[in-house]
There are 2 protein chains.
Amino acid sequence: MNGTVNISTRQLRAFVALVELRNFTRAAQKCCLSQPAFSALIQSIEAEAGVRLFDRSTRHVELTAEGQLFEQWASRLLLDFDTAFVNLKDHVTLRRGRVAVSALPTIAATMLAPVLAEYHAAYPGVAIEMFDTLADASLALVREGRADLALTAGKVEHPDFEVHRLFDEPFHLVCRRDDPLLARPTVMLDDLAGQPFIHMVRSSSIRQKIEAELAAVPMRMVMEVAHLATVGAMIESGLGISVLPAQAVPRLGMPSLASRPLGGKPLFRTHYMIQARQRSLSAAAVTFREILLARLKRE
Amino acid sequence: MNGTVNISTRQLRAFVALVELRNFTRAAQKCCLSQPAFSALIQSIEAEAGVRLFDRSTRHVELTAEGQLFEQWASRLLLDFDTAFVNLKDHVTLRRGRVAVSALPTIAATMLAPVLAEYHAAYPGVAIEMFDTLADASLALVREGRADLALTAGKVEHPDFEVHRLFDEPFHLVCRRDDPLLARPTVMLDDLAGQPFIHMVRSSSIRQKIEAELAAVPMRMVMEVAHLATVGAMIESGLGISVLPAQAVPRLGMPSLASRPLGGKPLFRTHYMIQARQRSLSAAAVTFREILLARLKRE
DNA sequence: CACACTTACGATATTCGTAAGGATT
DNA sequence: AATCCTTACGAATATCGTAAGTGTG
């Protein structure tokens, strides 16, 4: 480590200023320094280089042969330095950057969409990467560092992850507006017994939740589908009913569907935000997190 | 000047070392610093950048997202820095460089040639530019900065130039070995009267010196030629005699020529080394000057 | 003699290493 | 308990600005 050069950008800037102005007094002003301090700064570069870089009398300041040589490098070095730092600062100030979020498809389509919109409006220079995928894949992305944050609908217990509880979302009965079930003042869980039921596929976290909580209620499975919109379309067509996260229903944009809270034992899922415990969040991710939490608090 | 980054190569080197080793203790050793001092150095970069660049616990040291970004620049910046400085140091240590000397052709061929050879042997990386030209042109080159040093055979008085006297060189009679003049114990200036004389052209400094000093001795001009070698050949062929700088004669490599000091009033020219007063000499030129002076002192 | 760079010098800020503190495995 | 990073702190070093010195036109 000894014998290596040690030069600061202040010294480089001083050199470049003096090359440009050929005058210690004015170059010192440009560098916001007293003239003697500036003089010392120039001397420190010359000491580091081992040569005089300027010939100076009280009347003239000129580059020496070695100074001319160094001049060719100095401004480019400085430019590269500044470019690197401007780039870095751009990321810190979110003029540029990247944030990656993963979430279950239903969460992505419901809670997350407006947050992403707000974030993008505020920081249009930051690229957003959105993974809408199953819970396990979501967590894997965070673990691998490919996603900064994951939103899940179930608690995760693992030392690798830092978990932050967001809010509870109730499950609602979803059926056609003309369904006889809606005639009752409140629909109880047991009322669903024997009803034709549209399920999500088994890998879906909604399906898993329904199976776990409604195990006691015998229902007729009409079919199982992969996408929420398909569930909606099936209900609309009179094939059956379903029980879905409350926020998901209006997002389907199907006016002939009705959703209704269920009486009896409260049925809900809890949303969590998850991040890797070891890794710190990027500036872009930190701000995304803040916007997400602020929006939830607001509602 | 405020708001600008100020980073030193020490900080860069610390960053790069820590990226490489992922361990504060070992990276500190590599930088010849105590571990706390090294830690502070890393913190100073982070403060300058406005972000954490490393996530560290006692067990793991990892780059943050911003650290990864900066990593891409850091090593290249450092490399450019070192390249610039190595290049500069190469010139300071004369591994590379350029020196330009101008001199009268006779001086170049006599006094200067062995100096150039010695210099080139010692510093083969330094390019030598040799201008053999008339005195006025020689001085112009120095004034314009195209030559570092000039060697002249006459004193120059001008505030732009710094003049250093080298040595006196006598003028000798040059004639054929069988010339009757050589029969005399000593040849006096007056003995040359009526002799057939080979002159250099009028622009030559030798001619000017001869005309000024030998005005009183009437000689027969047989011819005037531009080059010293031509003078020699003419004498060899028996066309006449001449009076030339002593060192020039053996350089002609003409064994049938004889040279002899002249008795009476001493006839000589004085050599000077000249450099620009304002400009400092490059490292290459300083060393050339030293070698030149050392060689003259040696002889 | 006026202007411009250097040197001198005391005050302030930075940086160093040693030693103690705290966290992780 | 061992390892490793951070904090604390006094000492050494560096840097600053003011003021005096020096040389050049």
Side-chain angles (χ1 to χ4, degrees), chain A residues 1-2 4-15 17-48 52-64 67 158-162 276-280, chain B residues 1-2 4-15 17-48 52-64 67 158-162 276-280:
Chain A
M1 200 73 181
N2 292 326
T4 57
V5 262
N6 178 27
I7 287 283
S8 67
T9 54
R10 286 180 61 252
Q11 289 171 302
L12 268 191
R13 258 180 257 280
F15 176 85
L18 188 54
V19 167
E20 184 193 344
L21 296 172
R22 312 270 158 141
N23 179 305
F24 277 67
T25 309
R26 286 198 295 277
Q29 288 169 357
K30 184 170 184 182
C31 293
C32 302
L33 276 177
S34 72
Q35 187 272 319
F38 181 85
S39 205
L41 199 54
I42 293 294
Q43 287 172 17
S44 71
I45 315 176
E46 293 179 325
E48 196 72 40
R52 281 233 148 182
L53 299 174
F54 294 94
D55 280 331
R56 56 265 209 187
S57 68
T58 61
R59 259 306 168 258
H60 296 107
V61 174
E62 268 311 318
L63 285 164
T64 62
H158 194 285
D160 285 358
F161 297 118
E162 198 170 315
R277 190 180 292 279
Q278 296 290 350
R279 254 187 307 280
S280 71
Chain B
M1 201 72 183
N2 291 326
T4 56
V5 263
N6 179 26
I7 287 284
S8 67
T9 53
R10 287 181 60 253
Q11 290 171 301
L12 268 191
R13 257 180 256 280
F15 176 85
L18 188 54
V19 167
E20 185 193 342
L21 297 171
R22 312 270 158 144
N23 179 304
F24 277 67
T25 309
R26 285 198 294 276
Q29 288 169 356
K30 183 170 185 181
C31 293
C32 302
L33 276 176
S34 72
Q35 187 271 320
F38 181 85
S39 206
L41 199 54
I42 293 294
Q43 287 171 16
S44 72
I45 316 176
E46 293 179 325
E48 196 74 38
R52 281 233 147 181
L53 299 175
F54 294 95
D55 281 330
R56 54 263 211 192
S57 68
T58 60
R59 254 309 167 257
H60 296 108
V61 174
E62 268 312 317
L63 284 163
T64 62
H158 194 285
D160 286 358
F161 296 118
E162 197 170 315
R277 189 179 294 279
Q278 295 291 349
R279 254 187 307 280
S280 71

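In what follows, chains carry the letters A, B, and so on, assigned in the order in which the sequence lines appear, proteins first and then strands, with residues in each chain numbered from 1.
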NA contact type, A/L41, heavy-atom cut-off 4.0 Å: base, sugar-phosphate, or nothing?
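No contact.
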Scan A/S34 against the nucleic acid and name what it touches under 4.0 Å (heavy atoms): base, sugar-phosphate only, or nothing.
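A/S34: base contact, heavy atoms under 4.0 Å.
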Nearest-0.5 Å distance, [atom1] of residue [X] to [atom2] of residue [Y]:
X     : Y      : atom1 : atom2 : answer
B/S34 : B/Q29  : OG    : CD    : 11.0 Å
A/H60 : B/Q278 : NE2   : CD    : 6.5 Å
B/R13 : B/L33  : CZ    : CG    : 12.5 Å
B/S8  : B/E48  : OG    : CD    : 9.5 Å
B/I7  : A/I7   : CD1   : CD1   : 14.5 Å

Please name all residues satisfying side-chain hydrogen bond (donor to acceptor under 3.5 Å, both in side chains) with A/S280, sequence neighbours left out, ordered by chain then number.
B/D55
Could you give the angle between the helix axes at the two ends of the helix from C/dC1-D/dG25 to C/dT25-D/dA1, with five pairs per end, rounded to 10 degrees?
30°
Tell me which residues in residues 52-59 of chain A lie within less than 4.0 Å of DNA chain C, going by non-hydrogen atoms.
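By residue number: A/R56, A/S57, A/T58, A/R59.
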Is atom NE2 of A/H158 surrounded by more than 12 heavy atoms (other residues, nucleotides or ligands) closer than 6.0 Å?
yes
Quick one: list whatever passes salt bridge (Lys or Arg N to Asp or Glu O under 4.0 Å) with B/E20, sequence neighbours left out.
B/K30
Find the distance [X]:[atom1] to [N]:[atom2] and express it as a whole number of Å.
X     : N      : atom1 : atom2 : result
A/N6  : C/dT15 : CG    : P     : 11 Å
B/R10 : C/dT14 : CZ    : C1'   : 11 Å
A/Q29 : C/dC5  : CD    : P     : 11 Å
A/H60 : C/dC5  : NE2   : C1'   : 14 Å

Does anyone know the first and last nucleotide of DNA chain D in reach of chain A, 5' to 3', at under 4.0 angstrom to a heavy atom?
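Using the under 4.0 Å cut-off, the span is D/dC16 to D/dG25.
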Taking the side chain as every heavy atom from C-beta outward, state whether A/Q35 and A/N23 have any atom pair closer than 4.5 Å.
no
Examine distances only and state if a side-chain atom of B/T9 and a backbone atom of B/L12 form a donor-acceptor pair shorter than 3.5 Å.
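No, because the side chain of B/T9 does not come within donor-acceptor range (under 3.5 Å) of the backbone of B/L12.
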Start at the 5' end of DNA chain C and walk down; is the nucleotide closest to A/Q278 or to B/Q35 reached first?
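Looking at the nearest nucleotide for each, B/Q35 comes out on the 5' side.
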Distance-only check: which donor-acceptor pairs under 3.5 Å involve side-chain atoms of residues 37-46 of chain A, not counting sequence neighbours?
{"from": "A/S44", "atom 1": "OG", "to": "A/Q11", "atom 2": "NE2", "distance (Å)": "2.7"}
{"from": "A/S44", "atom 1": "OG", "to": "A/L41", "atom 2": "O", "distance (Å)": "2.5"}
{"from": "A/E46", "atom 1": "OE1", "to": "A/R56", "atom 2": "NH1", "distance (Å)": "3.1"}
{"from": "A/E46", "atom 1": "OE1", "to": "A/R56", "atom 2": "NH2", "distance (Å)": "3.1"}
{"from": "A/E46", "atom 1": "OE2", "to": "A/L53", "atom 2": "N", "distance (Å)": "2.8"}
{"from": "A/E46", "atom 1": "OE2", "to": "A/F54", "atom 2": "N", "distance (Å)": "3.2"}
{"from": "A/E46", "atom 1": "OE2", "to": "A/R56", "atom 2": "NH1", "distance (Å)": "2.7"}

More 5' along DNA chain D: A/A37 or B/R22, using each one's nearest nucleotide?
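The 5'-side residue here is B/R22.
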